[in-house]
Structure formats: structure tokens, C-alpha cells
Amino acid sequence: MCQIGKILVDMEKIYKAKQFEGKIYQKWESSGGFIPKFDSKKKSFSIALPPPNATGQLHLGHATMLAIEDIMVRYHRMKGDPTLWVPGTDHAAIATQNRVEKLIGEEGQTRHTLGRVKFIKRVRKYVADSQGTIRNQMRKMGASVDWTRERYTMDDQLSTAVRYAFFRFYQDGLIYRGHRIVNWCTRCQSTLADDELEYREEKTKFYYLKYGPVVIGTARPETKFLDKIIIVHPKDRRYKKWHGKKMMVPWINGEIEATFISDEVADMQMGSGAMTITPAHSFVDFELAQKYGFEIHQIINESGEITEAGGSDFKGLLVKEAREKIIQELTRKGLVDHIDENYIHNLSVCYRCGTPVEPLVSEQWFINVNKKVRGKSLKQRSIEVVKNGEIKILPDLFNKTYFHWMENLRDWCISRQIWWGHQIPVWYCVTKKKRMCAKPIVALETPKHCPYCLGNKLQQDPDTLDTWFSSGLWTFSTLGWPQRTKDLANFHPTSVLETGYDILFFWVARMILLTTYLLDEIPFKTVYLHGLVRDKQGLKMSKSLGNGIDPLDMIDKYGTDAVRLSLVLGSSPGNDMRLYEEKIAGYRNFVNKIWNGARFVLLNLDKDDFRKKIDYKSLAKIDQWILHRTNEVVKQASKGIEEYRFSEVGLMIYDFFWSEYCDWYVEMSKITQNKAVLAYVLKTVLALLHPFIPFISEKIWELIGEKELLMVSNWPSVNPKNNFPFSKREIKQIIEVVSVIRQSRAEYHLSPAEKIKVTLYGHGLASTLNLNLAIIKQLARVDELVIKEKGEKLKGCLGQFVGNIEVYLHIADLIDISKECERLQKELENVSQYLDRLKKKVTNKQYLRNAPKLIIEQDKHNFDESLSRQKNLVAQLKNLM
RNA sequence: GCGCGCGUAGCUCAGUUGGUUAGAGCGUCUGGUUUACACCCAGAAGGUCCCUGGUUCGAAUCCAGGCGCGCGCACCA
């Protein structure tokens, strides 16, 4: 009878995640298990956590990242590899500054009324709060990060790394200052990198304006005050006579001197084929102006207002106001040819605040990506390490995107006109005694004197660095660089960089760019990119749509383990995934199933049974079968995790535990029980599942009386003693026999209470069937089971076949003959078709020559089996009629 | 415009280099209380793997074209 273990007292029927998770995390953390143990014999494994912005809280994207990284980290830790996962946060320059500006805005302040010092103080407080929230959330997610090594991009040591990096690049001539056209956000009052733009499709008016002898088209007449150059294609016959000519043309503020230039950038097909250029406010025009040495006039200033270039009537007007006024003026002068009201164009907007971006010329700091130093440019180094396979990007289709982006990369503007961030380590001498003092002073430490005139009036460049400049150093700045630390030697390059594909360019590419130069090594060996989490309809989750799911709510409701599974299982790298509550609830059910599987085992076993060795002399077939299957699962799980196929591995273990261990082995073990095997398989599955669902696996581990934490226990290994391929095949047949009987029972609506008689002809398997007689009886609800090696076809019975085994249900009075005939006919047809197909294959010489041996063997086996099945069906039909 | 991805059961999606008669979860339907679990158990229905053609002994998988959807980059005269 069932023996109630003492353990059961703690196990309710339903697993309540909330009760355990907090305590379990504390146990892990205080055990020191998150801190790597050095072992020179083993290969180390390290991940630098992509630092979340310290601007609030974590969302589902972060949760996905934490779940996937934790799987890898826990797997390697269990394997005994020295494993390090460095956590931290990013100061997220523009994003954070905007948040705080909004906050103080509600108090009626601006950063200017507050002043730089007070504002920064305010931001620091905001960041500290946010970091607290993030730490808490990471613990909730179960992330096994090494908290003793937590870093923040604005830490002193990391700031030193930033200065050091800047200094090195400057010394090597890769950082320069120059007047260049940049993307300018008039709201943030700062430059933006090319990839910090987003695009919004917008309907606008498109104006065709008469400019001297040509008609030019523009969506932005407000930039055109001083357009003096008309570009036409050299081959354009219409304008040949004008090449190089100058002429006076009536324009917004009176006449203007225009010059015709021919260049191939002009598209003859487009509009009139002629265009004027605005060098200060268009990237293409700027390049043209540089090529020809045209004058560059700023028309729009940093606040989005018209400058003096617009004349007294327009100066100070905002872009939008100016546009209308200009068109009025031009209409009055009869210079508007026509207006297209429905022009659709892509408006570039700031990725942080959505304000339209103005391209304008400004003096900024840049990283030169094309200049060759030590034989190669930054660009070349970055492309090379991916091309030669030093860095692998998963899924590999992102390789192409990466190369395309790298190859087209322009110099990277790294200065930002905001206050929050690493202030640029450059000083200017304001004493200005000598001419030399005009040169910027770039230094590691804040200089006290001007090195040229020894004057002590120095002013630091007010700008700050692009946030990606500091996060680009993340894999090694967190390990102590520029000092040569033990961590740096042990854990760099990091093993894997796991992040969303949406920051491939922002961050991943920049890390490669900076690291390959500064360290002359790669930042990471593998890049694993996960997809975006979307809602059930496939829409991006956003505040404005109100379709966002807060991971904390879900954890509260379903438990962390269930949330982790729902983010990892059923999705593949690089592909977006959809998340909705039913999905999480489904995985919660699985977690509960594990709880109850364990509950059953604990009900039947004493704690000592969990530590008993398997007695290989007394194994039943079912024990051999489940041990064999466990071996297979262990093997595939390890291989799968090594190959980053987390979803597949998780689903496989899920299936094994539920559909094989619980549905069959546990049920069978109610008849004949091998405690050691029952315990061994449960323990193995718990260990395999630990990286995926750390909390419940650890909890059960504790309940079965293990002293050591599962987190630091050994990863299961394949045991050669557990290989029983024959038993696997035999038990498969038993399972099928049971299934066939169950199907028939269901079909004839036999309630479980109704007992029946069954006769089996084993045809070689009678002894195996006999060994499992009790099991078959119980699982198929058979009252009387007769097993023979072979015998006459039984009349008046429902006959079925499992391989060669004949299965007869003695339910003569219930059988619906015509229905049964129909079923058999249908099946016969099916098998015959299948046989035809196989026959064609097996007799095909090409096939026999080309197909792998294994496949041919399988097909031949199937052929034989189907042939006997066909024979049996025919006999059965005859028997019925 | 250039590049990339997706299209598999009612829904959400897996499907490793081509190889059993294509899978899972949810939902639907029929039954159910058995040494854990109704967040459960047993069983069932449900598919032109978007279409057309090709390569191959063999295609959901590879190639070409088409249709539908999405994304990235560029352009924005």
C-alpha cells in the first residue's frame, strides 16, 4: 500500500511558486554559487549581461534575455566550467536625460533653470532608484549573476576606461574634431548617430518652384534661401547650354546669383532634371559642396529656427512657420509652379523623443572608421573577424545585415550636447597667450595647466560622449580594463553575447569596432540574437497601445519558471515571438505537473531511496526502457544546449517528462516499482530542467533531501550501463498494445469500470508480454488477459494488430460489423498505398545506391511490417464476414 | 530602389545538413476519478506544409517565378 512519506507534509497539490522563489534565490545568492570558481583545467564560460538602461524597469525583452542567458550560465556552471555572468546597468545618456527632464518639467523646471550640477545630481538619484528596481527584477527572474562584480557604465573605473579609450583613439589619430553635417534633434538639443534615427512615413506637400530657367522640387522650401547652385546631369541635353553659366534669378528675398554645375548625381528622369543644393542641411548636398568647395550657409539653427540667412522677414521663425510664409511670398511673386498635395516621404525622427531631425553642420567629435592604423581601418578589422569566423552570429542570416551595415558605415559622431554622460576628456586653454593654445588638450587625468602656455584657465569640452561609446567597451571595461586584471585574463573574450537583434548595430557592431582595436581581440565568440516579444496579434508591445505585459505581473500570477518557459520554448533565434497569458498558463501547468510527478515519487519513496544505487541485476523491462530513454534525453539535451537550440531542448525534456515518464513509466510503476530507477530518472530530469526552470527544480531537489544545491550539482552524463535498445523496442510495443485496446474501448464507449477479456498472440513477443501482463491489464483496464505465442484467428472478437502482435477484444455482442468492416477497409487502403510507395522506393536502383544505409534499413523494415499488417488486415476482414 | 525574413491544424508556433504515413500547446468534441496532478487522465476530429514549375530515388525543407504579409537599409529633387 502507499506509504506516506514525511516529505509530503510540505507538498500541497498545487505548486505555489510565490511561496518558494524568494527564499530559493536568497539561498543561491548567499551560497556564493554565482561567483565563479577558478579551475585551470576547465574552459571558462562568461557572459557580459547587456546592461539595461537605468531608466525605470525591465520589460519582456529583458526577461527573455535573462532567461536565455541564465540557461547557458547554469548549464556551464553545472558542468563545472568556471562561469561568470557580469551584471550591470547603462547610464543611457539621452534616454535618461529625457526622462529626468520630463520629471522636472512637471515641477516647472528645465535643466537650464536647474543648472548642470544640480541637474546631474537629480539624474543620479533617479538612476539609483532605477538600479534598485532592476536588481530586484533580475532576482525575481532568477538570474544567477555574480552580484559582487556588478558594474555601471558611470562607475569610476569604467569612466577611466572610457577616458583611456578616447585617449588611445585620439593619439592614434582615429578621433578627430571637425565641422561636419550631423543629425540634430532640436528637442534634445543634441546630435544623433545615423542609426539613432527612426523613420515615420508622412504625407506632406511637395512644392515645384520656378528657379530661373528651371523648375525645382522640394518638400522643404524653408532651407532654400541661399540655394545658389543648380545641378544638372552632364548628359542632359536640355541644359547643355547652361553648363558653368551664372545668372541672376528672382528668389525669396529678391534676386540671387545662381550657377549651373553638371554632375551625375542629378537624375534626368526626376522632375525637371535640375536641382538646387542646400549643403548645410542635406547629407548628399554637403558632400557635393565639399567636392566642389561651395559655400556652406547655415539656414536653420540648433533650435529649429531660421537664421539670419533668411533675412529680417524670416529670422527667428520656426521651420513650419517659415515654410508657409515662404510659399506665400513665392506665390505672390508667381514662382510657384504647382504643388503636389499628397507627397509621401520618410521623415527622420529622433529615436528617443520622436522629434523630426534636422541635418545641419556643426563642430563635433568623430571616430574615423576608414583611416588605416597598423595596416587596417576599424571597419576592416570589424568585418574581418566575422568573415573569418572568429565571431559567429546566430542566426547566421544576420551576417549579411552586419556586413552591409559595416561596409556603408560613415565616420561615427560621438559627441552629444547633453549633460548626462561621460564628459569628453578634452580641455581648451582659455588663457590664449600663444597660438599653440588653440589646440585641444586631450588627457587621461584632468589637467591642471595648459601644456603650451602653462596657464591655468582650462575649460573642459561641455559635450558628453555617445552612450554607445561606453557600452561598446562593456565586455572588458567590466573586467577591470585598462588594468591587466585576473578577470580579464580569465574571462575575455567573453563566450556569448546574447541580445535582441534590434541593437545589432547600436551596440554589437560598435563593441566589435572598439574592442578589436583597443584590445586587438574579439569581445565575444558567439552572438546570439533573440527576437522581439510581441502581443498575440503580432503587434509590438507599447505603452500607447496598452498591450504591454509586465513580466512582474506574470511572475506574480504564474511564477517565474512558467514565465521563463513561455519566453524560451516555441521560439527560435532571430524570430519574433508572441506572448499571451494562455501560453504562460500552459507552462504553469507543466511546472505543476513536475511538482505532482515529484509528489508521487515522494509519496512512494523514503528519502534514503533517492541515494540508493540502481541494482542492475533486478531491472524490469520498463526500468531498462526508461533508463535507455533517459540516456538519450541527456545526450540530446547537452548537445542541444551547446548548439544554442534551447527551445528544442526544453520541449524535448517537457515531452519526455510528461508523455513518457509520467504518462507511462509512473503509471507502470504503480504495478511493479523500482524505487532506485524512479528516483534516478526524476533526479536526472530535475537537473536537465534546472537551467530552464531553476526554482521548482531546486525546491524539489531540496525536498528529496539533497544536501548540495542543484545549481552547483553535476550536469547529468550519459551512463553506458543504461543502454537497453531492445527493451526500448519491446516496451514501445507494449505501449502500443495498451493504446490499441484503449482506442477500441473508447470507440465502443466502454466505461473504465467495464472490464473486458483480451487475448494476445505475441508472435515472438509472448514472453515479453507475459512479463508485463499485470501492467497491460491495469493500464488497458483488462479483466482477463490471455497471452499466447500464436493461435487461430478468433471469431466474434474485435481484432487489431500491433506490429506482429494480434490483439483480440472479446466484445462480440458490442461489435458493429459493418462499422468494423469499414474501418478495416479504410486501413487496408491506407496500408496498401503506403506499401506501393515503399515498393517503388525499395526497388529503385538509384535509391538503393544513393540513400543512406540507415534509411534503407528503416524503409525495408517498414515494408516488411506493412506487408504483414496488410496480410493481417485481409485475414481479419475475412474473419469478420 | 536595394537587401532580408515569413506564409505548416481554428489560434500561437516547432520542424538540425533533403529521408518513417508532418508535430506540440491552446481551442473543439467524446468519455472519465485510477497510489501524484481537473493546472489532471483516456480517446477523437482537424493539414493541398501559400500557388506554379524545376532539381532529386525522395521536397514542408533546395532552386526559379508568382501571390500575400512583415522588417532593415537607402532615397527623401
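Proteins come first, then strands; the chains are lettered A, B, ... in the order of their sequence lines, and each starts at number 1.
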- Partner nucleotide of B:C13 by Watson-Crick or wobble geometry (both distances under 3.5 Å): B:G23
- Short N-O contact, A:Glu829 and A:Lys826, less than 4.0 angstrom: no
- Taking only Lys NZ, Arg NE, NH1 and NH2, and the carboxylate oxygens of Asp or Glu, determine whether A:Glu667 and A:Lys670 approach each other closer than 4.0 Å. yes
- Message: Please pick, from B:U21, B:A36, B:G72, the nucleotide with the shortest atom-to-atom distance to any side-chain atom of A:Phe505.
- Response: B:G72
- Item | Short side-chain N/O contact from A:Trp658 to OP1 or OP2 of B:C41, under 4.0 Å | yes
- Task: Verify the contact: side-chain N or O of A:Gln858 to OP1 or OP2 of B:G19, cut-off strictly under 4.0 Å; return yes or no.
- Result: no
- Message: Mind checking if A:Asn592 touches a base, just sugar-phosphate, or nothing, with heavy atoms under 4.0 Å?
- Response: base
- Query: If we take the C1' atom in both B:U8 and B:C50, what is their distance in whole Å?
  - Reply: 10 Å
- Query: Using atom C1' of each nucleotide, how far apart are B:C4 and B:G23 to the nearest Å?
  - Reply: 28 Å
- Message: Please tell me if A:Lys593 has a side-chain N or O lying less than 4.0 Å from either OP1 or OP2 of B:C41.
- Response: yes
- Message: Please verify the inter-ring angle class for A:Tyr644 with A:Tyr528; under 30° counts as parallel, over 60° as perpendicular, anything in between as tilted.
- Response: tilted
- Item | Pairwise C1' distance, B:U16 and B:U61 [rounded to whole Å] | 11 Å
- Salt-bridge present (A:Asp556, A:Lys18; N to O < 4.0 Å): yes
- Task: Return the value, rounded to whole Å, for the distance between atom OH of A:Tyr661 and atom C1' of B:C37.
- Result: 14 Å
- To the nearest angstrom, how far is A:Leu779 atom CG from B:G32 atom C1'? 16 Å
- A:Ala851 side-chain proximity, nearest of B:G19, B:G72, B:A77: B:G19
- Could you check whether the rings of A:Phe20 and A:Tyr15 sit parallel, tilted or perpendicular, using 30° and 60° as the cut-offs? parallel
- Starting from P on B:G72, measure out to CE on A:Met406 and report it in whole angstrom. 19 Å
- Message: Just to be sure I understand the rule, does A:Ile216 reach a base, reach only the sugar-phosphate, or reach nothing, if contact means heavy atoms closer than 4.0 Å?
- Response: nothing
- Length of the line joining A:Glu865:CD and B:U21:P, which is rounded to integer Å: 12 Å
- Message: Classify the ring geometry of A:Tyr343 against A:His345: parallel below 30°, tilted from 30° to 60°, perpendicular beyond 60°.
- Response: tilted
- As its Watson-Crick or G-U partner within any shown strand, both distances under 3.5 Å, B:A42 has B:U30
- Note: A:Arg599-A:Glu12 ion pair, threshold 4.0 Å (strictly below): no
- Query: Just how far, in rounded Å, is P of B:G25 from OH of A:Tyr587?
  - Reply: 10 Å
- Sugar-phosphate only, base, or nothing, as touched by A:Val265 at under 4.0 Å among non-hydrogen atoms: base
- Message: For a quick check of understanding: with a heavy-atom distance under 4.0 Å over all strands, which category does A:Lys841 fall into, base, sugar-phosphate or nothing?
- Response: base
- Polar side-chain contact A:Arg588-B:C39 base: donor and acceptor under 3.5 Å: yes
- Would the A:Tyr661 and A:Phe657 ring centres measure less than 6.0 Å apart? yes
- Distance between the C1' atoms of B:U20 and B:G68, in whole angstroms? 34 Å
- Among the nucleotides B:U21, B:U34, B:G19, which one has an atom lying closest to any side-chain atom of A:Ser866? B:U21
- Message: Rounding to an integer number of Å, can you tell me how far A:Asp267 CG sits from B:C76 C1'?
- Response: 13 Å
- Item | salt bridge (Lys or Arg N to Asp or Glu O under 4.0 Å) pairs, two or more places apart, involving residues 206-228 of chain A | A:Arg220-A:Glu222, A:Arg220-A:Glu358, A:Glu222-A:Arg323, A:Lys224-A:Asp227
- Note on the structure: Taking a pair to mean Watson-Crick or G-U wobble geometry with both distances below 3.5 Å, B:U52 pairs with B:A64
- Tell me, do A:Leu569 and A:Phe646 make a side-chain contact under 4.5 Å, heavy atoms counted? no
- Note on the structure: Given protein heavy atoms under 4.0 Å, the one-letter contact record of nucleotides 7-17 of chain B, with B base, S sugar-phosphate only and - none, is simply ----SSSS---
- Message: Check the phosphate of B:A74 against A:Tyr199, side-chain N and O only, distance under 4.0 Å to OP1 or OP2. Yes or no?
- Response: yes
- Message: Of the options B:U20, B:C76, B:G43, whose atoms approach the side-chain atoms of A:Tyr834 most closely?
- Response: B:U20
- Would you indicate what A:Val831 reaches in the nucleic acid, counting non-hydrogen atoms under 4.0 angstrom: base, sugar-phosphate, or nothing? nothing
- Query: Which is true for A:Arg745 with a 4.0 Å heavy-atom rule: it touches a base, it touches only sugar-phosphate, or it touches nothing?
  - Reply: nothing
- Does any donor-acceptor pair link the side chain of A:Glu667 with the base of B:A36 at a separation under 3.5 Å? yes
- Item | Protein-nucleotide distance (A:Asn850, atom CG; B:U55, atom C1'), rounded to Å | 13 Å
- Note on the structure: The answer to which of A:Arg220 and A:Lys400 contacts RNA chain B further toward the 5' end, by nearest nucleotide, is A:Lys400
- Look through every strand shown and name the nucleotide pairing with B:C4 as Watson-Crick or G-U wobble, where both distances are under 3.5 Å. B:G70
- Message: Does any part of the side chain of A:Gln870, heavy atoms only, come nearer than 4.5 Å to the side chain of A:Ser832, both counted from C-beta?
- Response: yes
- Message: For the C1' atoms, the ones on B:G43 and on B:C62, what distance do you get once it is rounded to whole angstrom?
- Response: 39 Å
- Query: Which part of the nucleic acid, if any, lies within contact of A:Tyr343, taking any heavy atom under 4.0 Å across all strands shown: a base, the sugar-phosphate backbone alone, or nothing?
  - Reply: sugar-phosphate
- Item | Sugar-phosphate, base or nothing in reach of A:Ala585, heavy atoms under 4.0 Å | nothing
- Do the charged groups of A:Glu632 and A:Lys728 touch, with an N to O distance under 4.0 Å? yes
- Nearest-angstrom distance, C1' atom, B:U21 to B:G58: 14 Å
- Rounded to the Å, how far apart are A:Phe656 CZ and B:A24 P? 18 Å
- Message: For a quick check of understanding: with a heavy-atom distance under 4.0 Å over all strands, which category does A:His749 fall into, base, sugar-phosphate or nothing?
- Response: sugar-phosphate
- Message: Applying a 4.0 Å non-hydrogen cut-off, can you work out what A:His345 is touching in the nucleic acid: base, sugar-phosphate, or nothing?
- Response: base
- In whole Å, what separates the C1' atom of B:A45 from that of B:G54? 36 Å
- Message: Taking the C1' atom in each of B:G47 and B:A36, what is the distance between them to the nearest angstrom?
- Response: 36 Å
- Go through B:U35, B:C76, B:G43 for me and flag the one nearest to the A:Asn346 side chain. B:C76
- Task: May I ask you to verify if any side-chain N or O of A:Asn596 is less than 4.0 angstrom from the OP1 or OP2 atom of B:C39?
- Result: no
- Message: Let me spell it out: for each of A:Tyr15 and A:Thr276, pick the nucleotide of RNA chain B with the closest heavy atom. Which residue's pick is nearer the 5' end?
- Response: A:Tyr15
- A:Ala746 side-chain proximity, nearest of B:A77, B:U34, B:G43: B:G43
- Looking for any heavy atom pair under 4.0 Å, which part of the strands does A:Phe206 touch: base, sugar-phosphate only, or nothing? sugar-phosphate
